[in-house]
Amino acid sequence: MPPPVSLSRSLETCSEEASSSPSVNVRAGATTRTQKTKTSSGNKKRGRVATLKTRPEVEQIFEGLSFFYIPDNDIAPVRRLRINRAKEFGAEWTRDMMTATHVIVEKKLVYKDVEKLWPKDGFGDRAPPKVVNEDYPLDCIQFRAIVDPGQKKYLLDGQVTTETKDKEVLLPTSGVVDSGPGTKSKASSLPLKPQHHNKRKWDYVPPRGTPSQGEESSLMKSLPKANARSKTPPKKDDELSEFISMMQEFKDLPLDVDEDDDAQSTSVGSQHQVDLDQGSGSENERPSKRRSSRRVRPTNKAITFKDRFACNRAGRKDAGQDNPNARTIEMLQKMNSYYERVNDHWRTLAYRKAIGTLKQQTVKITTEEEAYRLPSIGRRLAQKIEEIVTTDKLKRLEYAEEEPTNSALQTFLKIYGVGNKVAQQWIAQGWRTLDDIKQHVKLTPSQMVGVEHYDDLNTRIPRKEVTALGEVVKRAAAKMDPMVQLIIGGSYRRGAESSHDIDFIVTKPGTESVAHLKSFLNTLVAQLERDEFLVARLASSRAGSDGSKWHGCCVLPKIKGLNDDDEEYRPIWRRIDFLLVPEVELGAALIYFTGNDIFNRSMRLLASKKGMRLNQHGLYRDVLRGPDRVKVTEGELVERRDERRIFEILGVTWREPWERWC
DNA sequence: GGGCAGCGCAC
DNA sequence: GTGCGC
DNA sequence: GCCC
């Protein structure tokens with residue numbers, strides 16, 4: 001039925017996708033669309049358009065494509081609806097597979113069902129149609145773009161994919177590889193090798209039916225031995241997971257209750273999930289609608305827990321590299337920094353938590369509902385995640401990044417002492433570069449340092465150097481008072497390969513208040529300044545106050561064996577902090593200054609759930625809070641000296657510092 | 001619709 | 001008190 | 001932004 005014209009157009013249109021070159025990224029839906037928009041004025045009087053709504057030309061994303069449906073009829077109301085919808089967006093419904101560009105297969109069917117209809121002699125010179133499940137057109141419509149048909153979520157059961165990573169290798173994925181004209185017809189006729197049955201069925205939310213299983217399997221992948229999954233995950237794991245879940249979900253599960261309700265609620269939640277999702281999934285027309293069905297994640301700990309596991313890995317800054325969701329994370333991080341820039345504190349927080357969740361996933365999250373199940377990922381973020389996965393971009397982000405002031409904002413915010421307020425102000429005044437600032441703006445002393453040493457201070461410090469810096473300070477300190485302890489906290493204590501700054505916790509046995517340490521710090525700082533190790537003060541406790549911290553900059557001197565052979569040696573300015581901690585508070589302080597901050601927040605949240613309060617000074621109980629959580633009493637001190645004890649009392653299994661990446 | 005940590009220091 | 005950093 |  002489709003005239004040759006249509007066919008060739010089809011081929012042309014999807015040439016990217018059908019290309020034999022695997023390196024071509026197929027996701028350029030936009031390209032395809034624009035191209036089509038231009039030509040669409042040509043001939044597009046599709047057959048039975050009578051009852052169809054007319055979509056604006058720009059929405060004719062399927063223009064030139066023809067869909068062959070399996071089953072090949074529109075008897076089922078749902079399928080008819082979908083077919084019509086595809087037509088609204090420019091698709092042609094063909095009843096002849098030879099002319100189809102896409103074969104849309106009902107989800108219940110498996111790849112074998114397609115094979116039966118597949119022409120024995122292949123498709124000759126043309127590329128075989130792409131075989132996708134019924135979600136494919138819906139997603140295209142949702143995103144108003146031709147998305148990559150090779151994505152896992154569009155595969156049928158039994159359909160083989162070579163897709164492993166995410167972006168590269170897109171083409172061969174759907175199996176609908178065009179092996180090229182030269183190849184055997186066999187190859188093109190049966191591109192998918194059903195024999196390689198992929199045991200696993202990711203297609204739709206693998207974990208959905210049995211969340212725990214799904215999770216476990218992913219766990220096994222990433223932590224093969226650490227959590228010898230077997231049957232009895234150490235109790236520790238549960239607690240850890242639970243704990244972590246607290247970190248990311250502020251007010252979730254009442255820990256207090258958890259002793260009684262946990263197992264049950266878990267399984268119940270899972271069951272529900274299956275039903276709801278499947279039911280709605282097969283009958284709703286629009287994906288967005290289907291997916292917006294209420295989340296079935298009722299205090300769903302099982303999921304939450306396990307999702308947290310991966311958190312254990314000592315994450316370096318590049319810890320996301322191998323993550324299957326790397327691309328998604330990358331995009332969300334951009335959104336995150338965008339919101340940071342525009343001063344949207346809470347959105348920033350939300351994105352950070354969502355990113356944290358995603359980082360812990362060991363399988364790629366491809367659909368909205370998969371994402372939605374995860375903690376700290378709500379409807380909006382889940383939609384964005386799916387948009388990223390399917391279109392490889394994010395419209396909202398593109399708008400955001402178009403804002404001309406964007407880069408300036410980014411620049412200014414990296415100046416020490418400059419936050420959103422000031423940065424926005426400067427921008428409003430028309431400044432865009434550091435030079436502008438240097439010339440026109442009156443800076444505070446801190447900001448001055450921040451500007452003058454902008455590059456240095458925004459360069460991460462290799463772990464080795466942190467160690468070296470630590471040695472310098474410790475040596476000087478030991479000379480003055482051998483009893484004083486200096487502990488390097490922050491990301492260094494968590495085992496980071498590089499740090500943004502170096503934090504010293506300064507303490508000494510027998511001290512009960514920072515006052516006992518102040519004079520020491522003053523002496524130490526004075527000495528280190530004389531040594532020209534400390535080169536700037538940014539914030540330091542004043543004489544009168546009960547000051548407990550000192551922020552400044554230091555430089556690493558030449559050290560034999562470390563950097564003395566480097567003729568390029570240049571003292572790089574580094575951020576350095578001293579935090580005075582009386583020995584009695586050391587445990588609480590260590591927790592606080594080791595972080596990371598998400599970890600800390602959850603600890604505090606956990607404490608608060610248990611009627612306790614945790615801060616850098618200690619763990620308190622029976623905190624009375626008035627309306628609006630206003631603290632009425634300090635509460636009774638429970639523990640502050642012993643880091644492990646604080647974990648214990650909170651009912652949390654001990655976690656080494658390097659296990660506190662969240 | 002409200003909370004999302006809370007504190008020390010600079011200004 | 002606000003802004004900022006942690 | 002998310003969660004309750």
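This structure is a prediction, so every number in the text was calculated from the model and none was measured. Each chain gets a letter, A, B and so on, in the order its sequence line appears, and its residues count up from 1. When reading the values below, keep in mind they use all heavy atoms of this one structure, side chains included, and skip hydrogens, waters and symmetry mates.
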Legend entry - ring centroid sep under 5.5 Å plus plane angle under 30, W346(A) with dC4(B): yes
Legend entry - Lys/Arg N to Asp/Glu carboxylate O, E386(A) vs R379(A), below 4.0 Å: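 Here E386(A) does not pair with R379(A) in a salt bridge, since their nearest N and O are not under 4.0 Å apart.
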Below 4.0 angstrom from OP1 or OP2 of [N], is there any side-chain N or O of [X]?
| X | N | result |
| --- | --- | --- |
| K353(A) | dC4(B) | no |
| Y416(A) | dC4(C) | no |
| R575(A) | dC6(C) | yes |

Legend entry - Partner of S548(A) under side-chain contact (heavy atoms from CB on, under 4.5 Å), chosen from V514(A), V581(A), V506(A): V514(A)
If you only use heavy atoms from C-beta on, which nucleotide in [options] is closest to the side chain of [X]?
| X | options | answer |
| --- | --- | --- |
| L381(A) | dC9(B), dC2(D), dC4(C) | dC2(D) |
| Y339(A) | dG1(D), dA10(B), dC6(C) | dG1(D) |
| K549(A) | dG5(C), dG1(D), dC6(C) | dG5(C) |

Inset, instruction - In whole angstrom, give me the gap between the C1' atoms of dG5(C) and dA5(B). - result: 14 Å
Inset, instruction - Round to a whole Å and report the spacing from NZ of K518(A) to C1' of dG8(B). - result: 12 Å
Inset, instruction - Name the orientation class of the two ring planes belonging to Y351(A) and Y339(A) (parallel below 30°, tilted from 30 to 60°, perpendicular beyond 60°). - result: tilted
